Every structure is written in C-alpha cells, then in structure tokens.
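Taking it in order: structure first as structure tokens, then the write-up.
Predicted model only: the values in this text are computed from it and were never measured. Chain A is the first sequence line, chain B the second, and so forth, proteins listed ahead of strands; every chain is numbered from 1.
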There are 2 protein chains.
Amino acid sequence: MDIRSILLGFLMHDSMTGYDLKKAFSISFSFFSGLSYGSIYPALRKMEKQGLISKRLEIRSDGPNRKIYTITDAGKAAFLDALRVPLPRDQPKSPFLMRLFFFTHLSPEERQAIVVNYLSFVEETRRQMEIARPEIEARADRFQFLCYEFGLRFFSDLTRNLAQVVDSLDEEEKEERK
Amino acid sequence: MDIRSILLGFLMHDSMTGYDLKKAFSISFSFFSGLSYGSIYPALRKMEKQGLISKRLEIRSDGPNRKIYTITDAGKAAFLDALRVPLPRDQPKSPFLMRLFFFTHLSPEERQAIVVNYLSFVEETRRQMEIARPEIEARADRFQFLCYEFGLRFFSDLTRNLAQVVDSLDEEEKEERK
DNA sequence: AGGAGCATGTAAGCGGTTACATGATTTA
DNA sequence: TAAATCATGTAACCGCTTACATGCTCCT
C-alpha cells in the first residue's frame with residue numbers, strides 16, 4: 001500500500017487539501033509512519049493527471065488559497081483495487097535488530113545502554129498512544145480503533161521482549177565475571 | 001543502520017565477495033529483510049573508494065574470478081561508529097495496518113479473508129524460522145541467537161494479535177446480523 | 001513586531017528494487 | 001543438454017526525505 005492509496009483512502013471520507021491530508025494522517029498514524037509534503041503534493045498532482053482525483057481551487061480573502069481535492073469514481077475503484085491486492089510478507093526491518101545482531105563488537109556497558117535506551121523510547125511511544133486514546137476513540141471508526149489497539153499491543157509486546165533481552169544480557173555478564 | 005554498515009558488519013567476521021555477502025545475509029536475515037545485488041555491488045565499490053574496505057582479485061581456473069573484500073582499520077572504525085549512532089524510533093509501517101485502517105470500505109467476507117490470509121502467512125514464516133533453528137544455533141553467536149529468539153517472539157505475538165483481530169471481526173459480524 | 005499556524009510547492013539526494021546482461025562450471 | 005549455482009555488474013526507476021522558498025493571517 002503506497003502513499004497514493006493512503007491519500008485516496010482519506011479522500012474516500014472527505015474532500016481535502018494536501019495540508020489537511022497531512023494533518024489527518026499525522027493524527028491517525030503518527031505512531032506508525034510519517035508523510036511529508038515533499039511526497040504528498042507531487043502525489044496529488046500525479047493522481048489528478050491520472051483522473052483519480054479532481055481539483056477545485058478555492059479563493060479566499062481570509063487566508064491563503066486552497067486546492068481542494070475530491071476523489072473521482074475512477075479513484076474510488078483504484079482505491080478498492082489497492083485494498084484487495086494481496087499483502088506482502090511483513091518484514092520487521094528493525095534497526096534495533098540489526099544492532100543486536102552485531103552486539104559482539106560492543107562492550108557490555110554499551111550493549112546495555114543501547115537496549116535500555118531503546119526500551120525507554122518504546123515505552124514513551126506507548127505512553128503517548130495511551131494519551132491520544134480519547135481523541136482516537138472520538139474520531140476513529142471501529143476498524144481504525146482496532147488498528148489503534150493492535151498498535152498498542154504491538155508496543156506492549158515489544159516492551160516485554162526488550163525487557164527479556166535486557167535480562168539475557170544481565171545474566172551473560174554475570175557469567176562472564178565468574 | 002544502512003546497507004553499508006551491515007556489509008561492514010559481516011566483513012568484520014571474514015573477508016568475502018559480494019556474492020558471499022548476499023548469501024550470509026540471506027541466511028541470517030531472510031525473515032527480517034532482503035538485500036539485492038543491485039545495492040550490494042555499488043555499495044562495495046563506494047566503500048572501496050572511501051577506503052573502508054580493500055579488494056583482492058582472485059583469478060581462478062575452476063570458476064569465475066572473484067573480488068574478495070576485506071575490511072580496513074578505517075572500515076572497522078566506521079562500523080563501530082555506526083553501531084553507536086542512537087536508534088531512531090521504530091515505525092511498524094505495516095501494510096497490514098494500513099489495510100485494517102480502511103476496512104470499512106470492504107465487505108465482511110473480504111475483511112475476514114485478508115486477515116486470515118495474512119495470519120497464515122505469518123504462521124508460515126514462523127514455522128520456517130523454527131525449521132531453521134538448528135542451522136542458526138550452529139553458526140550464530142549468542143547475540144545473533146538472541147536476535148533469532150527476538151524474531152520468533154515477534155511473530156508469535158503477531159499471530160496472537162491477529163487472532164484477536166479475527167475474533168473482533170467475527171463478533172461484529174454477528175452483531176450486525178442481529 | 002514577532003511567532004504560530006495555514007498553505008503550496010521545488011530540487012537534490014538517499015537508499016533501494018527490478019529487470020536486464022553476461023558467462024563460466026557443476027550436477028542431474 | 002538443460003538447469004542450477006557461482007559471480008559481477010548496469011540502467012531505469014520508485015518512493016521518500018530534507019532543506020529550501022514563498023507568502024498570507026491571526027494572536028499576543
């Protein structure tokens with residue numbers, strides 16, 4: 001699922017500007033992924049050329065002009081097609097796993113520091129997700145909420161697994177010192 | 001951690017050709033990530049220019065000639081630096097989550113099919129990891145094995161969470177039919 | 001007067017994939 | 001003799017980020 005399908009997905013719900021799309025995405029998905037203007041605006045132009053969305057220029061006196069994009073029937077069809085494309089296998093290309101893989105080249109102290117630091121990072125993300133819960137409960141549909149809960153569990157599991165790694169490192173260090 | 005650091009990491013252990021590097025990576029990391037020749041060979045040339053690795057041409061009669069790369073002292077230093085760079089926050093950019101987020105646009109049958117299909121995919125990956133266990137136990141160091149176990153737990157957790165999503169979908173469908 | 005927020009965009013570059021191209025040797 | 005494995009590489013392209021550039025309005 002590329003960026004274009006995601007933009008179409010949001011436009012299924014409502015017509016918006018590129019700016020709005022970025023906001024909508026950030027609110028719903030800040031914990032999973034980011035989207036920058038540098039990819040949004042070119043994507044919108046391309047999709048307009050392909051007839052997946054249509055543009056309406058709104059001239060305003062109380063602010064900068066806006067380009068409001070609306071999904072077309074062709075766009076809706078393209079979006080549904082994209083939803084139905086078989087999923088690729090998930091590859092958790094985690095930078096952390098890469099580090100762990102080469103831990104033998106670091107000192108015990110450095111290893112500990114990396115894992116503990118990463119762990120606190122993950123826990124912080126999880127806390128932030130919990131803070132955002134009421135807002136998500138308010139605006140998300142049931143599937144989007146399912147998505148949110150899935151994410152929460154993901155980070156909980158990650159926390160638990162990282163704690164286990166910390167334990168393993170502790171034990172090994174003790175044995176080394178014997 | 002980019003591709004170059006990973007290649008350096010493998011070269012820390014032993015001198016190898018580009019072909020060998022791809023194999024080494026595939027064996028250790030097939031479940032997490034892939035690496036193609038289209039990125040390996042240019043990366044090796046670049047790193048040679050930068051003095052991070054050195055090349056030795058081996059002319060053979062019993063097969064194609066090989067370019068064997070060896071990490072230099074500068075390369076070792078660069079690798080350790082890369083290991084110590086603070087980790088970015090993990091973003092589980094899962095294509096599955098994106099689908100789930102827009103599930104409202106699909107029929108209950110299609111939703112079920114996607115999740116169940118994905119679930120079987122994940123379970124299959126997990127099975128393959130378990131099959132590979134003896135080989136990994138044989139060749140991996142303790143941190144690499146920690147890595148393997150971490151991955152296993154990741155897929156177990158994913159399986160569990162997906163099963164929960166299936167349950168949620170089932171319940172909602174039942175309620176809808178009332 | 002200055003900063004935050006609204007709004008749109010471009011250019012350069014990074015990191016990577018896919019498909020293509022070549023050619024040798026070993027195994028079935 | 002065909003297929004698999006060994007071995008190296010290029011060209012075109014994709015998707016995305018970062019940094020830059022512009023300019024307006026509202027609030028303090």
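Atom-to-atom, CD1 of A/Ile59 to C1' of C/dT8 comes out at 14 Å; the value is rounded to the nearest Å. A straight line from CZ of A/Arg66 to C1' of D/dG23 spans 16 Å, rounded to a whole angstrom. Separating the CG atom of A/Leu7 from the C1' atom of C/dT8 is a distance of 15 Å, rounded to the nearest angstrom. Distance A/Asp20 CG to C/dG5 C1': 13 Å, rounded to the nearest Å. For A/Lys22 and D/dC16, the NZ to P distance is 13 Å, given to the nearest whole Å. Atom CG in A/Leu44 sits about 15 Å away from atom P in D/dG15, given to the nearest Å. Regarding A/Tyr37, its OH atom lies at a distance of 15 Å from the C1' atom of D/dA21, rounded to whole Å. Rounded to whole Å, the distance from CZ on B/Arg56 to C1' on D/dT8 is 17 Å.
Positionally, the nearest nucleotide of DNA chain C for A/Asn65 lies more toward the 5' end than for the other of A/Gly38 and A/Asn65.
Side-chain proximity of A/Tyr41 to D/dA7, C/dT10, C/dT8: nearest is C/dT8. Closest approach to the A/Tyr19 side chain among C/dG5, D/dA7, D/dT10 is made by C/dG5 (side chain taken as heavy atoms from C-beta onward). Out of D/dC6, D/dT17, D/dT8, the shortest distance to the side chain of A/Ser36 is found at D/dT17. Comparing D/dC26, D/dC6, C/dT8 by their nearest atom to the side chain of A/Asp62 picks out D/dC26. Listed candidates were D/dT8, C/dT8, D/dG15. Nearest to the side chain of A/Arg4 is D/dG15. The side chain of A/Pro64 sits closest to D/dC24 out of D/dC24, D/dC6, C/dT8. Set against D/dA7, C/dT17, C/dA7, the side chain of B/Ser39 has C/dT17 as its closest nucleotide. Taking the side chain of A/Arg60 as heavy atoms from C-beta on, and the options C/dA7, D/dA7, C/dG16, the nearest nucleotide is C/dA7. Looking at the side chain of B/Lys23, the nearest of the listed nucleotides D/dC6, D/dA7, C/dT8 is D/dC6. Counting only heavy atoms from C-beta on, B/Asp2 has its side chain closest to C/dG16 among D/dC6, C/dT26, C/dG16.
Looking only at distances, no side-chain donor or acceptor of A/Glu171 sits under 3.5 Å from a matching main-chain atom of A/Ser168. Of the possible donor and acceptor atoms, one in the side chain of A/Asn65 sits under 3.5 Å from a partner among the backbone N and O of A/Arg60.
Under a cut-off of 6.0 angstrom, the local environment of CZ in B/Arg160 is crowded, with over 12 non-hydrogen atoms contributed by other residues, nucleotides or ligands.
Within 4.0 Å (heavy atoms only), B/Gly18 reaches sugar-phosphate atoms of the nucleic acid but no base atom.
A distance of 6.5 Å separates CG in A/Leu7 from CG in A/Leu35, rounded to the nearest 0.5 Å. Expressed to the nearest 0.5 Å, how far CG of B/Leu21 lies from CG of B/Leu44 amounts to 6.0 Å.
Between D/dT8 and B/Thr17, a contact under 4.0 Å exists linking OP1 or OP2 to a side-chain N or O.
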Please set out all donor-acceptor pairs under 3.5 angstrom arising from side-chain atoms of residues 111-118 of chain A, sequence neighbours excluded.
| from | atom 1 | to | atom 2 | distance (Å) |
| --- | --- | --- | --- | --- |
| A/Arg111 | NE | A/Phe103 | O | 3.1 |
| A/Arg111 | NE | A/Leu106 | O | 3.1 |
| A/Arg111 | NH2 | A/Leu106 | O | 2.7 |
| A/Gln112 | NE2 | A/Asp170 | OD1 | 2.6 |
| A/Tyr118 | OH | B/Asp90 | OD2 | 2.5 |

